Amino acid sequence: MNDILDKLNPAQKEAVETISGPVLILAGPGSGKTRVITHRIAYLIKVCKVNPRHILAVTFTNKASREMQERLSQLASSVAGSITMGTFHAICARILRADGTAIGVEAGFVIYDQDDQISLVKRAMQELNLDPKQHSPSAVLNQISTAKCQTFGPKDYIKRGRSYFEEVVGRVYERYQERLKSSNALDFDDLLMRTVELFRAHKAILERYQTRYVHVMVDEFQDTNLVQYELVKMISAKYRNLCVVGDPDQSIYSWRSADLRNILNFEKDYPEAKTILLGQNYRSSKTILDAASAVISTNKQRKPKELWTENDQGAPVTLAETYNEQEEAQFVVNEIEKLVSRQEAKLRDVAVMYRTNAQSRALEEAFIRYGTPYKLVAGTRFYERKEVKDVIAYMRLIQNPADDISLMRVINVPQRGIGERTVADLSIWAKPLGLSLYDALREISGQIAGDSQKVLFSPRTTKLLVDFFKMVEELKSRSQSSKLVDFFDRVVDSTGFREYILASPDGEDRWDNVMELRGVVKDYNELPPGEALSSLLEGVTLVSDVDSLKESTDTVTLITLHQAKGLEFPIVFIVGMEEGILPHIRSFDDPAQMEEERRLCYVGITRAKSRVYLVRAFRRNMMGGSNVNAPSRFLKDIPAALTTGSRPWKTEEKRIFQKEYEWAASPVTSEDESLPELQAGDAVRHAQFGEGVIIGAHPVRNDVEAIVAFKGIGVKKLLLSFAHLEKVE
């Protein structure tokens, strides 16, 4: 028992030992919550003698799950593997493979990733004669995803639709689901929604899981959505031993339908719940913690808590102002090189964080120009590279021939003379017969074997289609008897994929990616053939870019603030600390979104152990124009005593900057007293363009040119004397 409770602080120890009934653990950043969860599981097993099969632990990422498994193996090595641990999606996939047939989900289903989903939406829109230029497929998919996160099926969504766009989405949603079913496929949201559907429709199945899982633990509870919370409540309903861990101040995923109310209202849903605060921070210096606390303190949707640390006071937060994004990037690179040259840091100690992906461009250019090694998180992810997706699509088709999306991806890869027109004609012919594309190929192959007089394609095209069908059939047979690595090699050889890749531009590099995938395949090689293929395909579909982030290489990490959640670095740069960037312009007229922007800044600052740099540019190319941006309001929240000044300026450069800065930071006025007095961040209304937000301004003789971002229109530059802008309170 000493090895479990030893070295835990009093609050951590209380969290570990409180095992009965609902428990809410409010875990501040760097407070050791992963240690608490793993020690709590070990305490249940070794001290309370709970069978590990009766424990369910839900993590937010596969990376967090692996880290917990590794720590747990040190505390309770002999039984760690018996615990059900993983992400919501991975756990639900297991449940559906075991029991999904009760609601028509076949065990061999494939999981469609983002690209597959977009392809399927486009196909559904094409079948409904809807123009993708008029209705964005990604916007339609986003609406479908939101509906599923609220457990609304197509019929429920259609009933609730109010606008024409929602009516269009409802029709696409219905066809999209039909296509998923015919392909024996589920998307990410289906994994959750269909599991809820299974539990609602079959009480006996739900009761089996309720009886099995006596203790349920959920990490990052502030980032759960409605359907995830519903799953947790259903599974834990019998024993009510539900322990949730999270921090409302780190809820930053509302765009993924995360619902902050789940954690804020937990004590209302479970009145008997015990709340435990983990307030001691082991990661950051006192200065960093105080600065972050100052930023988050003005939010209203939170549970106030006092964070403290026994760490040193540490260096002050560095505020740096630069002229534009190129100079901002140059400052970052120069400062990193100084830290490295003074042996105060290694490159891998540094992360550069930003609000939007587009901000990485100037940074990358600077790192390349100065020859400073870096890695970009959420560049082209490994599993999204074409050659990797092609091989995976072959294996998915072999596992599940009804998968039309995978078939269409590889039927002419490598090129074998089967063009898009042929595939379209095949689809048109198969649809009224209720056949998948693969079954249509089987029908054509049977006709040839039976010497049928019915001719659909030319003899040459028919032979190409039949040859493809026979190749896949042979590979299907191999998949049931061969070790997974041998089967992988057979796929690559039979399809001619190696020659195809090596003959392409950057062929050697692309072939290295295929071999990297082969290395992943080896991890599943000891499983039985059929199970190995299914497990591999599920694993590679559910992995995320942060899951595969390697920490060993000595390179600077470039990463968005959203992706930085759950990570830590000795030194953090946050660039783009400007109104319109952080906070993002879309949050200006939405108090709830503004609070999330503040939480995002808080998350970024608290990733740092020893040093934080908050960097901004006075002028930035944004949304097609060069805009003057006021400093982020979050900078004003940090007490001056915690910061150090910005870098020195050349005399002429400083004069220009200060002159223009007055226009960005001060009210927008002119000598003409009839013009409205406005300032950056104000919401305004225009007679033609509607509502927008002022993001900058510039003096033009006796007038003012305002830069306004309008909803659905974009950025416009308007003279105040002609624009007749009305301030919206």
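From a predicted model like this one, the values you see are computed outputs, not experimental measurements.
Ring to ring, Phe487 and Tyr524 are not that close: their centroids are 6.0 angstrom or more apart. Two rings, from Tyr164 and His135, have their centers less than 6.0 Å apart. Residues Phe88 and Phe60 place their aromatic rings such that the two centres sit no closer than 6.0 Å. In this structure, the ring of Phe199 has its center less than 6.0 angstrom from the ring center of Tyr209. Between Tyr176 and Tyr173, a ring centre-to-centre spacing not shorter than 6.0 Å is recorded.
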task: Show your reasoning for whether side chain to side chain contact (heavy atoms under 4.5 Å, CB included) applies to Val245 and Val218.
output: CA-CA 6 Å; Val245 186; Val218 184; over 6 Å; no
query: Is there a side chain to side chain donor-acceptor pair (under 3.5 Å) between Ser145 and Asp189 once you walk through the steps?
result: CA-CA 6 Å; Ser145 177; Asp189 297 311; 2.7 Å; yes
Full working for side chain to side chain contact (heavy atoms under 4.5 Å, CB included) between Val58 and Val232: CA-CA 9 Å; Val58 186; Val232 168; 5.5 Å; no
message: As a quick check of understanding, evaluate side chain to side chain contact (heavy atoms under 4.5 Å, CB included) for Arg179 and Ser182, giving each step before the final call.
response: CA-CA 5 Å; Arg179 284 299 174 193; Ser182 66; 4.0 Å; yes
message: I'd like to know whether Arg416 forms a side chain to side chain contact (heavy atoms under 4.5 Å, CB included) with Met471, so could you lay out the CA-CA distance, the side-chain angles of the two residues, the decisive distance to 0.1 Å, and finally the verdict.
response: CA-CA 12 Å; Arg416 50 178 62 92; Met471 177 188 70; 3.9 Å; yes
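Phe469 and Tyr438 have tilted rings, their planes meeting at an angle from 30° to 60° on a 0 to 90° scale. Between Tyr394 and Phe468, the ring-plane angle classifies as tilted under the 30° and 60° cut-offs. By the 30° and 60° cut-offs, the orientation of the rings of Phe266 relative to Phe221 is perpendicular.
Using a 4.5 Å heavy-atom threshold, the side chains of Val491 and Phe497 count as separate. Looking at heavy atoms from C-beta onward, Leu527 lies in side-chain contact with Ser535 at the 4.5 angstrom threshold. Residues Thr195 and Leu192 form no side-chain contact, since every pair of their non-hydrogen atoms from C-beta on lies 4.5 Å or further apart. In this structure, Arg442 and Leu435 have side chains that are not in contact, with every pair of non-hydrogen atoms separated by 4.5 Å or more. At least one side-chain heavy atom of Leu426 sits less than 4.5 Å from a side-chain heavy atom of Ile444. Side-chain contact check for Leu600 versus Arg355: some heavy-atom pair is nearer than 4.5 Å. Side-chain contact between Ile95 and Leu198 is present, with at least one heavy-atom pair separated by less than 4.5 Å. Annotation: side chain of Asp115 is in contact with side chain of Lys389 (closest heavy-atom distance under 4.5 Å).
In this structure, the side chain of Asn400 engages the main chain of Ser183 through a donor-acceptor pair within 3.5 Å. The closest donor-acceptor contact from the side chain of Gln210 to the backbone of Ser236 lies at 3.5 Å or more, if one exists at all. Formation of a donor-acceptor pair under 3.5 Å by the His584 side chain with backbone atoms of Arg586 is found in this model. Remark: side-chain polar atoms of Asn262 are paired, donor with acceptor, to backbone N or O of Asn225 under 3.5 angstrom. Looking only at distances, a side-chain donor or acceptor of Ser482 sits under 3.5 Å from a matching main-chain atom of Arg478. With hydrogens and angles disregarded, no donor-acceptor distance shorter than 3.5 Å links the side chain of Arg212 to the backbone of His54. Counting only distance, with no hydrogens or angles, the side chain of His215 and the backbone of Leu242 share no donor-acceptor pair below 3.5 Å. Checked by atom type and distance alone, the side chain of Thr101 never pairs as donor or acceptor with a backbone atom of Gly104 at under 3.5 Å. Side-chain atoms of Ser254 never come within 3.5 Å of backbone atoms of Ser257 as a donor-acceptor pair (strictly under, hydrogens ignored). Judged by distance alone, the side chain of Thr461 and the main-chain N or O of Phe457 form no donor-acceptor pair under 3.5 Å.
Under the 3.5 Å distance criterion, with hydrogens and angles disregarded, no donor-acceptor pair is assigned to the side chains of Ser445 and Lys470. Remark: the Thr84 side chain and the Tyr213 side chain contain an N/O donor-acceptor pair separated by less than 3.5 Å. In summary, the side chains of Tyr157 and Gln143 do present a donor paired with an acceptor at a separation below 3.5 Å, with no hydrogens or angles considered. A donor-acceptor contact under 3.5 angstrom links the side chains of Thr560 and Gln563, judged on distance only. Between the side chains of Gln177 and Lys148, a donor-acceptor pair is found at a separation under 3.5 Å. In summary, the side chains of Asp269 and Tyr229 do present a donor paired with an acceptor at a separation below 3.5 Å, with no hydrogens or angles considered. Residues Gln222 and Glu220 bring a donor and an acceptor atom of their side chains to less than 3.5 Å of each other.
Counting heavy atoms of neighbouring residues, nucleotides and ligands inside a 6.0 Å radius, atom NZ of Lys476 exceeds 12 of them.
Salt-bridge check for Lys181 with Glu178: failed, with every basic side-chain N at 4.0 Å or more from each acidic carboxylate O. Between Arg160 and Glu166, none of the side-chain N atoms (NZ, or NE/NH1/NH2) sits under 4.0 Å from a carboxylate O, so this pair counts as no salt bridge. Taking a cutoff of 4.0 Å between a charged side-chain nitrogen and a carboxylate oxygen, Arg261 and Asp259 qualify as a salt bridge. Of the charged side-chain nitrogens involved, at least one lies within less than 4.0 Å of a carboxylate oxygen, so that Lys386 and Asp390 count as a salt-bridged pair. Using a cutoff of 4.0 Å between basic side-chain nitrogens and carboxylate oxygens, Asp99 and Arg208 are scored as salt-bridged. Salt-bridge formation is detected for the pair Arg396/Asp116: a Lys NZ or Arg NE/NH1/NH2 atom is positioned less than 4.0 Å from an Asp or Glu carboxylate oxygen. A salt bridge is absent between Arg94 and Glu538; no separation between the charged side-chain nitrogens and carboxylate oxygens falls under 4.0 Å. Ion pairing of Lys483 with Asp486 is absent here, as no side-chain N (NZ or NE/NH1/NH2) approaches a carboxylate O to less than 4.0 Å. A salt bridge is defined here as a Lys NZ or Arg NE, NH1 or NH2 lying under 4.0 Å from an Asp or Glu carboxylate O, and Arg200 with Glu197 fails to meet this definition.
Minimum interatomic distance between Leu517 and Ile392 (heavy atoms only, all atoms of both residues): CD2-CG1, 4.0 Å. Of all heavy-atom pairs spanning Gly417 and Leu464, the tightest one is O-CD1, 3.6 Å. Between Thr59 and Asp219 the shortest heavy-atom distance is CA-CB, 4.3 Å. The shortest heavy-atom contact between Ser479 and Leu533 is CB-CD2, 4.3 Å. Contact detail for Asp223 and Gln250: the closest heavy-atom pair is OD1-O, 4.0 Å. Listed here is the closest heavy atom pair of Asp404 and Leu437: OD1-N, 3.1 Å.
Atom-to-atom distance recorded for His562:NE2 and Asn357:CG is 10.5 Å, nearest 0.5 angstrom. To the nearest 0.5 Å, the span separating CG on Asp187 from CD1 on Ile144 amounts to 8.5 Å. A distance of 6.0 Å separates CG in Leu120 from OH in Tyr112, rounded to the nearest 0.5 Å. Taken to the nearest 0.5 Å, the CD1 atom of Ile418 stands 6.0 Å off from the CG atom of Asn412. Here Glu531 contributes atom CD and Leu484 contributes atom CG; the two are 11.0 Å apart, rounded to the nearest 0.5 Å.
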